[in-house]
Amino acid sequence: VLWNCSQRELQFKMIQDFTSRVGKIYQGHNYTRAVRKAVDYIGQHLFENPEIEEICRVSELSRAQLSLRFKRETGKTIKEFVQNQKIEKAKEMLVGTKMNLLEISTELGFSSQNYFQKGFKEIVKITPQKFRNLN
């Protein structure tokens, strides 16, 4: 779907996607400023495998402080949150593109296609291929 877009259209769609995803994350949540900054940073750098040190720097908290607050406010560890966001993005890619599983897993920074498939099934409860076929 995105392959036929001009660069400007693609940038616009990426911004729309990002704001939509952030809106869904915040919906019904009242995150503190630090956690909100961390969530924003994760969303903006999802394809780059956000490093915990950089997330801490952006949130202006130590690793211990951020980990504690993040878990308390989101119900997930930072690692779990990043994984869930990647799987949500993978679901969109499975439905909205013709990319194969290896391309999607590589694009999202998974260490292997097998690790991607295992993580996807753990969260979504079905394989990525089955998810694509159902949608």
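Here, residue 1 is the first one in the sequence, and each next residue gets the next number. Quantities reported herein were computed from a predicted structural model and do not represent experimental measurements. Worth knowing before you read on, the calculation uses all heavy atoms, side chains too, and leaves out hydrogens, waters and symmetry mates.
- Heavy atoms of other residues, nucleotides or ligands lying less than 6.0 angstrom from CD of E48 number more than 12.
- Listed by first and then second residue, the side chain to side chain donor-acceptor pair (under 3.5 Å) pairs involving residues 104-117 amount to none (not counting sequence neighbours).
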| said: side-chain contact (heavy atoms from CB on, under 4.5 Å) for K89 and L94? Distances and angles first, verdict last. | reply: CA-CA 9 Å; K89 188 63 182 170; L94 286 163; over 6 Å; no

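- Within the 4.5 Å cutoff, the side chain of Q129 has heavy atoms near those of the L101 side chain.
- No donor-acceptor pair under 3.5 Å is formed between the side chain of K121 and the backbone N or O of T127.
- In this structure the side chain of R132 reaches within 4.5 angstrom of the side chain of I104, judged on heavy atoms.
- Within the structure, ring pair (Phe, Tyr, Trp, His ring centres under 6.0 Å) pairs that include any residue of residues 86-108 do not occur (at least two apart or interchain).
- The CZ atom of F110 lies 12.5 Å from the CG atom of L102; values are rounded to the nearest 0.5 Å.
- The number of heavy atoms from other shown groups lying within 6.0 Å of CZ (R72) is above 12.
- Atom CG of L66 is separated from atom CD of E53 by 11.0 Å, given to the nearest 0.5 angstrom.
- Without hydrogens or angle criteria, E103 side chain to N100 main chain gives a donor-acceptor distance under 3.5 Å.
- Of the inter-residue distances, the one linking D40 atom CG with Y31 atom OH reads 11.0 Å to the nearest 0.5 angstrom.
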